[in-house]
Amino acid sequence: MIGHAGNIDALKASFETDRPHHAWLLTGPKGLGKALFARLAAVWVLAGRPIVPGFDIDPDTPAARFVAAGSHIDFKVIERLESPTTGKLRGEITIEQLVRRPNSAVTPLSDLLQSTPALSDYRVIIIDAADDMNRSVANALLKNLEEPSPGTLFLLISHTPGRLLPTIRSRCRTLRFQRLSDAEVAAVLDGQTTGLDDEDRATLVRIARGA
């Protein structure tokens with residue numbers, strides 16, 4: 001994770017208390033690393049919250065491997081799914097992703113919340129993005145935020161938090177993500193590309209505008 005050290009410290013520090021907050025709202029423009037932050041934070045929590053710099057978990061630890069393979073039974077990402085008829089992403093998160101519906105092939109969030117964490121003392125749910133919920137879905141999620149199951153951590157990603165229900169915002173602790181500095185953007189570029197000359201790197205940094 002490049003940048004956002006204050007947000008990393010804030011989330012980690014919350015687990016030093018007896019009752020860490022159960023729901024976090026990650027806000028800011030697209031492209032700042034909110035989804036990456038959520039995923040890395042999830043692995044850190046599921047790995048038992050070891051004392052490491054940032055969220056730097058060894059990728060060979062069981063929690064990291066299971067999350068990477070999409071097979072960790074205490075981890076779930078709620079995001080828009082493909083339509084079985086069109087093959088394109090649906091326009092919004094659907095209610096069947098949260099609550100069981102007859103004849104649905106989707107495993108809903110409610111199934112996970114009715115069990116106890118199996119591989120960790122926590123289960124982690126990422127909503128990416130919370131902006132994609134309609135009112136009925138948001139109300140279904142709200143019930144879980146109001147009465148969270150023990151050992152549950154919600155990480156809600158939002159690019160436009162003003163669109164969310166005020167009641168959802170009020171039940172979350174907010175982490176605001178700021179645009180990266182030019183030096184941080186350059187570091188991201190150097191980690192993703194090879195052979196950039198100084199002129200090309202400077203051009204890309206300028207175009208990125210911190211995202």
Response to the item:
Joining Ile, Leu, Val, Met, Phe, Trp and Tyr whenever any side-chain heavy atoms lie under 4.5 Å apart, the cluster holding Leu81 also takes in Val106
Practice prompt. Check which hydrophobic residues are tied to Leu156 through side-chain heavy-atom contacts below 4.5 Å, counting indirect links as well, and list them.
Written response: Leu25, Ile78, Ile93, Ile95, Leu98, Val99, Leu109, Leu112, Leu113, Ile125, Ile127, Met133, Val137, Leu141, Leu142, Leu145, Phe154, Leu164, Leu165, Ile168
Worksheet entry | Pairs touching residues 169-211 that satisfy ring pair (Phe, Tyr, Trp, His ring centres under 6.0 Å), sequence neighbours left out | His4-Phe177, Phe37-Phe177
Practice prompt. Using a cut-off of 6.0 Å, state whether more than 12 heavy atoms not belonging to Arg101 lie near its atom CZ.
Written response: yes
Where at least one partner belongs to [range], residue pairs that pass salt bridge (Lys or Arg N to Asp or Glu O under 4.0 Å), sequence neighbours excluded:
range	result
residues 191-204	Asp190-Arg201, Asp198-Arg201
residues 34-60	Arg49-Asp121
residues 73-84	Arg80-Asp132
residues 158-173	Glu146-Arg171

Worksheet entry | Listed partners of Thr152 passing side chain to side chain donor-acceptor pair (under 3.5 Å), at least two apart | Arg123
Discussion item. Checking Glu92 now: which residues fulfil side chain to side chain donor-acceptor pair (under 3.5 Å) with it, not counting sequence neighbours?
Written reply: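 So Glu92 forms a side chain to side chain donor-acceptor pair (under 3.5 Å) with Asn134.
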Discussion item. Taking ring-ring contact (aromatic ring centres under 6.0 Å, His included) as the definition, give me every residue that meets it alongside Tyr122, ordered by chain and number, with sequence neighbours left out.
Written reply: Phe15
Discussion item. For Thr86, give me all partners under side-chain contact (heavy atoms from CB on, under 4.5 Å), at least two apart in sequence or on another chain.
Written reply: Ser83, Lys88
Fill in: Qualifying residues under side-chain contact (heavy atoms from CB on, under 4.5 Å), relative to Ser71, sequence neighbours excluded
Phe66, Ala69
